[in-house]
Number of protein chains: 2
Amino acid sequence: MATTRTDPLTLEVVELIGAVVARYYEEYEQAAAAHSLTGAQARVLGLLSLDPLPMRRIAQKLKCEPSNVTGIVDRLEARGLVERRPDPADRRVKLAAPTEKGASTARELRASLDFAREPLAGLSDTDRAVLRDLLRRMLGMDPAGLS
Amino acid sequence: MATTRTDPLTLEVVELIGAVVARYYEEYEQAAAAHSLTGAQARVLGLLSLDPLPMRRIAQKLKCEPSNVTGIVDRLEARGLVERRPDPADRRVKLAAPTEKGASTARELRASLDFAREPLAGLSDTDRAVLRDLLRRMLGMDPAGLS
DNA sequence: TATTGTTATACTCTATAACTATA
DNA sequence: TATAGTTATAGAGTATAACAATA
């Protein structure tokens, strides 16, 4: 359907997106490492800080096998950042939830997401709004964000 | 220096960039897996397809320790995609270079980078040019790309 | 002495398959 | 019988430290 474009402009944009992706990933890993966390651990902690989740749901969010989540949560639990709680509604389910220490670590981690905001500092509000609309359209979202 | 912005617009852009990063990464891994390559292997093969490189240089490009490159190149070499050549100028150096098969795999891989171009299909040329300029500025590049 | 690449080691993430306890 | 979580296993990427060959 959508014809694949190979004009220089498109190729340059693809390359720039690749550069943004590389930078984002790199700095995310650094922010995690600053708290002695791996990227995967930081992502799980960030997820749980929004909402406690069953192990299965974490795997779905991470797009990985449930068996992997066991180990990641094990390591977070060993460090006192996360705990496993029973689900009153289903005794098979374990809900992973951040401890108080885990919640504060997640907050600090989110704060050091400055790295993602800093590159935006050079853009005006108008620029940011234009960028927002373009990114939304790239992601196939409704151009008009009817909040 | 650059004041960290936390207004809703900036936060939404940060979130959108995160979504683009996640999508890009995910689809890159899929493209690599379609050729039975891991992401790291695909990245190294892509690098070498531009230019044969000493092991040390590959590590620098990947931002990892040189000892890791040994294993990645080992696995690419075992599959006949890459070969190690002596460097005439320095006998300590080994130059990793794609074989013919490796070069064609790299080309196919690059072609399946469609995933990165496809999201751009919904944008007009003007949109793309605007996006290019915004991304350049985010990356701290000279706004005017004086090629 | 310093540098290049490798080896050895240990840890984490990953998928697969088999297991348990619930449902 | 189906599902949630775990365990066991194996492969890959990662960093650290020590090593051989060469500069």
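By convention in this document, chain letters (A, B, ...) are assigned in the order of the sequence lines, proteins followed by strands, and residues within each chain are numbered from 1.
Here the nucleotide nearest the side chain of A:Arg75, chosen from D:dT6, C:dT4, C:dC13, is C:dC13. Comparing D:dT22, D:dG13, D:dG5 against the side chain of A:Pro54 picks out D:dG5 as the nearest. Ranking C:dG5, C:dT6, D:dG13 by closeness to the B:Val93 side chain, first place goes to C:dG5. Of the candidates C:dT6, D:dA15, C:dA15, the closest approach to any side-chain atom of A:Cys64 belongs to C:dA15. Considering only the side chain of B:Gln41, D:dG13 comes nearest among C:dT3, D:dG13, D:dG5.
B:Arg57 places its CZ atom 16 Å from the P atom of C:dT3, with the value rounded to the nearest Å. One can place CG of B:Leu95 at 13 Å from P of C:dT4, the figure rounded to the nearest angstrom. Between the P atom of C:dT3 and the CG atom of B:Asp90 lies a distance of 12 Å, rounded to the nearest Å. Between B:Asn68 atom CG and D:dG13 atom P there is a gap of 9 Å when expressed in whole angstrom units. The distance between atom CD of A:Glu83 and atom P of D:dG5, rounded to the nearest whole Å, is 16 Å. Between A:Ile72 atom CD1 and C:dT12 atom C1' the separation is 9 Å, expressed in whole Å. Distance, B:Leu62 CG to D:dG13 P: 10 Å, rounded to whole Å. Whole-Å rounding puts the A:Glu65 CD to D:dA8 C1' distance at 15 Å.
Nucleic acid contact class of B:Arg84 (heavy atoms, under 4.0 Å, all strands): sugar-phosphate only. Using a 4.0 Å heavy-atom criterion, one finds that B:Arg56 contacts the bases of the nucleic acid, with or without backbone contacts as well. Within the 4.0 angstrom heavy-atom criterion, only backbone atoms of the sugar-phosphate kind lie near A:Thr38; the bases stay farther away.
Counting heavy-atom neighbours within 6.0 Å of B:Glu15 CD, excluding the residue itself, gives a total of 12 or less. Within a 6.0 Å radius of CD in B:Gln60, more than 12 heavy atoms belonging to other residues, nucleotides or ligands are found.
With salt bridges taken as basic N to acidic carboxylate O contacts below 4.0 Å, one links A:Glu83 and A:Arg85. Of the charged side-chain nitrogens involved, at least one lies within less than 4.0 Å of a carboxylate oxygen, so that B:Arg137 and A:Asp127 count as a salt-bridged pair.
Between A:Arg91 and the phosphate of C:dA21, there is no side-chain N or O to OP1/OP2 separation shorter than 4.0 Å. Using a 4.0 Å cut-off, some side-chain N or O of A:Lys94 falls inside it from OP1 or OP2 of D:dT6. OP1 or OP2 of D:dG13 has not a single side-chain nitrogen or oxygen of B:Arg43 nearer than 4.0 Å.
Toward the 5′ end of DNA chain C lies the nearest nucleotide of B:Ser67, the other residue of the pair B:Ser67 and A:Pro66 mapping further downstream.
B:Leu62 is listed as a side-chain neighbour of B:Ile72, based on a closest heavy-atom distance under 4.5 Å.
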